[in-house]
Trainee: 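There's a structure below that I have some questions on.
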Amino acid sequence: MRLTVLGCAGSFPSADSAASSYLVQAEDAEGRTWHVLLDLGNGALGPLQRYGDAEALDAVAISHLHADHAADLLVLSVLRKYRPGGSLPPVDLYGPRGTQKWLARLADKDPGVDASGMFTLHRWEPGEPVRVGPLLLEPFPVLHPVPAFGVRVTGPSDLDPDRTVTLAYSGDTDECPGLDALADGADLLLSEAAYLEGRDDAVRGVHLTGRRAGLAAARAGVPRLVLTHVPAWNDPAETLAEATAVFDGEVAMAVPGAVHVL
Ligand SMILES: [Zn+2]
Ligand SMILES: [Zn+2]
């Protein structure tokens with residue numbers, strides 16, 4: 001299994017990155033590569049074409065219905081519907097309750113960009129993992145102002161064919177039991193760290209800081225932490241320092257195009 005960062009800017013695209021989107025790929029026993037998108041925030045359709053293939057998706061998994069995680073679903077449906085070779089079949093789309101209505105509101109009354117026919121919608125149900133080829137996707141409810149999920153992805157290792165590995169993606173969340181359950185024993189925690197210690201302490205229930213992400217990684221016993229969703233107005237070095245002060249494992253900042261092999 002490998003994780004490619006498509007977009008990692010927090011809350012809005014930055015000058016250098018689209019908003020949240022991650023491509024997870026793995027091969028099945030027959031050697032076919034499976035492609036799963038975790039989130040598709042504003043601007044992420046661009047890097048999806050650069051680092052992946054917008055026409056070769058087996059599933060799209062949306063953590064929550066904020067624009068910086070889901071807005072490019074609408075334009076992905078345009079690309080797949082109007083491509084000169086003919087429309088592609090609908091792709092499985094996993095998301096919170098209300099995903100269909102949210103997409104319809106984005107399209108407003110324009111039937112030309114109506115995304116409903118381009119996706120087969122499935123609602124996340126906690127405790128009900130879904131299988132996509134060799135990958136198992138399990139949603140964990142997390143703490144954010146709207147219904148939000150972290151996603152735990154389990155599948156074959158790229159490094160050791162005899163091993164099954166787990167990637168835990170926080171989505172957007174503050175510290176909560178769901179985050180700890182999601183991350184527990186994973187091989188890599190991909191965690192948001194949108195807030196800064198000292199600056200955002202008064203706001204709880206929305207985002208993690210680098211320190212809170214590092215503490216979650218330490219509690220979960222994960223060996224590797226990738227910090228993401230850092231807004232353009234933060235200094236990433238500050239976020240990194242917060243995490244490394246409380247977590248002894250390997251820590252990296254997400255950057256567009258980076259590939260993390262599990
Ligand atoms: Zn966000
Ligand atoms: Zn959010």
Side-chain angles (χ1 to χ4, degrees), residues 3-24 37-48 60-76 93-99 101-103 105-106 123-124 126 139-153 167-179 182-183 189-196 199-200 202-213 216 225-236 238-239 242-243 253-256 258:
L3 161 73
T4 303
V5 177
L6 303 179
C8 54
S11 305
F12 52 90
S14 72
D16 303 314
S17 177
S20 290
S21 187
Y22 311 92
L23 177 63
V24 179
L37 270 187
L38 299 177
D39 284 342
L40 193 62
N42 329 53
L45 186 58
L48 171 59
V60 181
I62 296 298
S63 64
H64 66 296
L65 299 172
H66 276 157
D68 61 317
H69 296 258
D72 271 18
L73 285 174
L74 195 70
V75 283
L76 174 65
L93 171 60
Y94 298 89
R97 178 195 293 269
T99 299
K101 202 183 279 183
W102 192 84
L103 273 174
R105 281 205 305 268
L106 274 187
R123 192 199 305 162
W124 287 131
F140 287 77
V142 291
L143 181 60
H144 201 51
V146 297
F149 295 87
V151 183
R152 190 173 162 100
V153 185
L167 159 72
Y169 169 49
S170 70
D172 280 4
T173 186
D174 198 349
E175 290 175 315
C176 65
L179 173 65
L182 165 84
L189 172 60
L190 172 64
S191 177
E192 72 120 297
Y195 280 174
L196 286 174
R199 187 190 69 187
D200 304 309
V203 188
R204 293 310 301 249
V206 185
H207 287 302
L208 295 164
T209 61
R211 177 184 161 83
R212 288 179 215 160
L225 170 65
V226 176
L227 297 168
T228 191
H229 201 287
V230 174
W233 52 53
N234 288 12
D235 176 0
E238 206 174 326
T239 301
E242 284 186 15
M253 299 302 297
V255 290

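Ligands are counted one by one from 1 in listed order, and the atoms in each one are counted from 1 as well.
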Trainee: Need the atom name: nearest N/O/S atom of His229 to the Zn ion (ligand 1).
Mentor: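 The atom in question is NE2.
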Trainee: side-chain contact (heavy atoms from CB on, under 4.5 Å), that's the test. Do Leu167 and Val24 meet it? Break it down for me.
Mentor: CA-CA 9 Å; Leu167 159 72; Val24 179; 3.8 Å; yes
Trainee: I'd like to check the side chain to side chain contact (heavy atoms under 4.5 Å, CB included) partners of Ser63; sequence neighbours left out, ordered by chain and number.
Mentor: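 Per chain and number, Ser63 pairs via side chain to side chain contact (heavy atoms under 4.5 Å, CB included) with Asp39, His69, Tyr169.
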Trainee: Is any protein N, O or S atom closer than 2.8 Å to the Zn ion (ligand 2), and if so, which?
Mentor: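 Listed by chain and number: His64 NE2, His66 ND1, His144 NE2, Asp172 OD2.
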Trainee: Kindly write out the residues that satisfy side chain to side chain contact (heavy atoms under 4.5 Å, CB included) with Ala18, not counting sequence neighbours, or none if the list is empty.
Mentor: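 Once residues adjacent in sequence are excluded, the partners of Ala18 under the side chain to side chain contact (heavy atoms under 4.5 Å, CB included) criterion are Ala44, Pro47.
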Trainee: Taking side-chain hydrogen bond (donor to acceptor under 3.5 Å, both in side chains) as the definition, give me every residue that meets it alongside Arg204, ordered by chain and number, with sequence neighbours left out.
Mentor: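 In terms of side-chain hydrogen bond (donor to acceptor under 3.5 Å, both in side chains), with neighbours along the sequence ignored, Arg204 is linked to Asp174, Glu175.
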Trainee: Run the ring-centre check on Trp233 versus Phe12 and record whether the distance is less than 6.0 Å.
Mentor: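 Between Trp233 and Phe12, the centre distance is under 6.0 Å.
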Trainee: What do you reckon, is CZ of Arg97 surrounded by more than 12 foreign heavy atoms closer than 6.0 Å?
Mentor: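 Open: at most 12 neighbouring heavy atoms sit under 6.0 Å from CZ of Arg97.
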